[in-house]
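Following: one structure in structure tokens, then a few remarks.
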2 protein chains.
Amino acid sequence: MKYPKGTKINNNKHFPKSSNARGMALEHDINLTNKYYIENDIALIYKKPTPVKVTKVDFPNTKGKKITDGFFEIPSTTDYNGVYNGVYIDFEAKETKSKTSFPLSNIHPHQLVHLERVTRHKGISFIIVRFRDLDETYLLMESDLTNYIKNNTKKSIPLSYFKTYGHIIDTKYIPRLDYLKVLEKLEIFGGNHEKK
Amino acid sequence: MKYPKGTKINNNKHFPKSSNARGMALEHDINLTNKYYIENDIALIYKKPTPVKVTKVDFPNTKGKKITDGFFEIPSTTDYNGVYNGVYIDFEAKETKSKTSFPLSNIHPHQLVHLERVTRHKGISFIIVRFRDLDETYLLMESDLTNYIKNNTKKSIPLSYFKTYGHIIDTKYIPRLDYLKVLEKLEIFGGNHEKK
């Protein structure tokens, strides 16, 4: 993004408003939140790099390799993972333009398998879904996501399901999208996961 | 890698021996081990994709985007992370040709910071170092790595330090490099990290 000269940019204050940037707004909000968590020593959660298959490299100068041919791969896991007080956290985040439902085609089948596995290995796994035009962001635990898929033939999850089983995440100033607070309120961490 | 036609390939049995493939041998061994952990429902540990900065894409056909310009970025975290019985696991793996010491230049300063943070957030963090020509692979906990760096001015860790403070990981048939077993023997997981 380019800004007029002399404009002060503070990453924690800037919020993309252009329609062009809106598709990335959720990712931007989560990255800001994770940055806040890291800087305030609350948690260590990162976005994984997008998997790229590099098929050709070039050495145009002494500075190093340049990729001249490659393509994006389908991710085999989720976008975000990390640690909060010793507990493994893993989630996927998606935005939808729909005002009524979240199309399941947004999540790859192997990502669903991955989220289920995380729960089985006693990690905390969920999805964060933003209904962009409603400006509502929900956290839905993997167990509730899986329950819906197993008991419904529909290819999308209605908003009403998020209202009933999901948990709204407020969009604030700082931290932007405090999803760990939502998890804390759910009391899913228990108090006995301390390592010695 | 290319194999003569008709050669049966079994990923779990194949072990790269050519000098060309040797540089990747540790990564290959860890990937096989992680695959074993996942398939046997022991743990969920993945290698993160290599971070790539894509600067130009092309649309040569309907199949999708092709990267025509990009470069590799310095990773801000480590290569491997995941979950084992609810506990967050995070490590970096490196090989060295040296028979006497491990050059610290192999690990980026922000990776050291990251490993320290993981420990502070009650995750389990360590490095796996292979002395290639000795065929010896060690696991060194982050605390012992940090202790060495803080108390020494040398730019490399001598093999003797790994022998004293590190833990040898046997290279076996299956699983190839059972580092979780080493961690279990260290009893660092305790018995009280169960979630309710």
Side-chain angles (χ1 to χ4, degrees), chain A residues 37-38 41-58 60 63-78 81-90 113-125 187-196, chain B residues 37-38 41-58 60 63-78 81-90 113-125 187-196:
Chain A
Y37 288 153
I38 291 167
D41 230 4
I42 294 164
L44 216 53
I45 296 163
Y46 283 93
K47 184 175 190 297
K48 284 182 216 169
T50 307
V52 163
K53 177 83 179 173
V54 174
T55 44
K56 209 192 275 174
V57 292
D58 196 10
K63 279 187 180 173
K65 281 189 279 192
K66 191 180 149 199
I67 297 161
T68 56
D69 202 67
F71 51 89
F72 296 100
E73 290 183 297
I74 295 172
S76 55
T77 64
T78 46
N81 76 351
V83 58
Y84 174 56
N85 198 19
V87 176
Y88 179 75
I89 305 282
D90 195 307
V113 170
H114 176 76
L115 287 167
E116 272 195 75
R117 281 179 175 159
V118 170
T119 304
R120 202 162 65 239
H121 287 282
K122 299 178 187 162
I124 305 290
S125 72
E187 298 185 350
I188 48 173
F189 292 110
N192 54 349
H193 60 275
E194 299 276 323
K195 286 193 302 127
K196 64 178 173 184
Chain B
Y37 288 153
I38 291 167
D41 231 5
I42 294 165
L44 216 52
I45 297 163
Y46 283 94
K47 184 174 190 297
K48 285 183 214 169
T50 307
V52 164
K53 178 83 179 172
V54 174
T55 44
K56 209 192 275 176
V57 293
D58 195 11
K63 279 186 181 174
K65 282 189 279 193
K66 189 179 152 202
I67 298 160
T68 56
D69 202 67
F71 51 90
F72 296 100
E73 291 183 296
I74 294 172
S76 54
T77 63
T78 46
N81 76 352
V83 59
Y84 174 56
N85 198 20
V87 176
Y88 179 74
I89 304 283
D90 194 306
V113 171
H114 175 76
L115 287 168
E116 270 196 77
R117 281 179 174 158
V118 170
T119 304
R120 203 161 65 241
H121 287 282
K122 299 177 187 164
I124 305 290
S125 72
E187 297 187 350
I188 50 172
F189 293 109
N192 55 348
H193 62 274
E194 297 276 325
K195 286 192 305 125
K196 65 178 177 188

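Per chain, numbering begins at 1; letters A, B, ... match sequence-line order.
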Please report, to 0.1 Å, the donor-acceptor pairs under 3.5 Å made by any side chain of residues 46-53 of chain B, with sequence neighbours excluded.
{"from": "B:Lys48", "atom 1": "NZ", "to": "B:Thr77", "atom 2": "OG1", "distance (Å)": "2.5"}
{"from": "B:Lys48", "atom 1": "NZ", "to": "B:Thr78", "atom 2": "O", "distance (Å)": "3.4"}

> Got a second to check how far A:Lys56's NZ is from B:Thr68's OG1, nearest 0.5 Å?
Replying inline: 11.0 Å
> Taking A:Asp90, A:Val83, A:Ile67 one by one, which has the highest count of heavy-atom pairs under 4.5 Å against chain B?
Replying inline: A:Ile67
>> Tell me every residue that passes side chain to side chain donor-acceptor pair (under 3.5 Å) with A:Asp58, counting only those two or more places apart in sequence or in another chain.
In response: none
>> Between B:Asp41 and A:His121, does the side chain to side chain contact (heavy atoms under 4.5 Å, CB included) criterion hold? Intermediate values first, please.
In response: CA-CA 8 Å; B:Asp41 231 5; A:His121 287 282; 3.3 Å; yes
> Checking B:Val57 against chain A: side chain, backbone, both or neither under 4.5 Å from a heavy atom?
Replying inline: side chain
>> Once rounded to the nearest 0.5 Å, what's the spacing between atom CD1 of A:Ile89 and atom OH of B:Tyr88?
In response: 11.0 Å
>> Does any backbone or side-chain atom of A:Val118 lie under 4.5 Å from a heavy atom of chain B? Answer side chain, backbone, both or neither.
In response: both
>> Checking B:Leu44 against A:His114 for the side chain to side chain contact (heavy atoms under 4.5 Å, CB included) test, could you report, in this order, the C-alpha distance in whole Å, the side-chain angles of both residues, the deciding distance, and whether it holds?
In response: CA-CA 9 Å; B:Leu44 216 52; A:His114 176 76; 4.1 Å; yes
>> What part of B:Ile42 gets within 4.5 angstrom of chain A, counting heavy atoms only: side chain, backbone, both, or neither?
In response: backbone
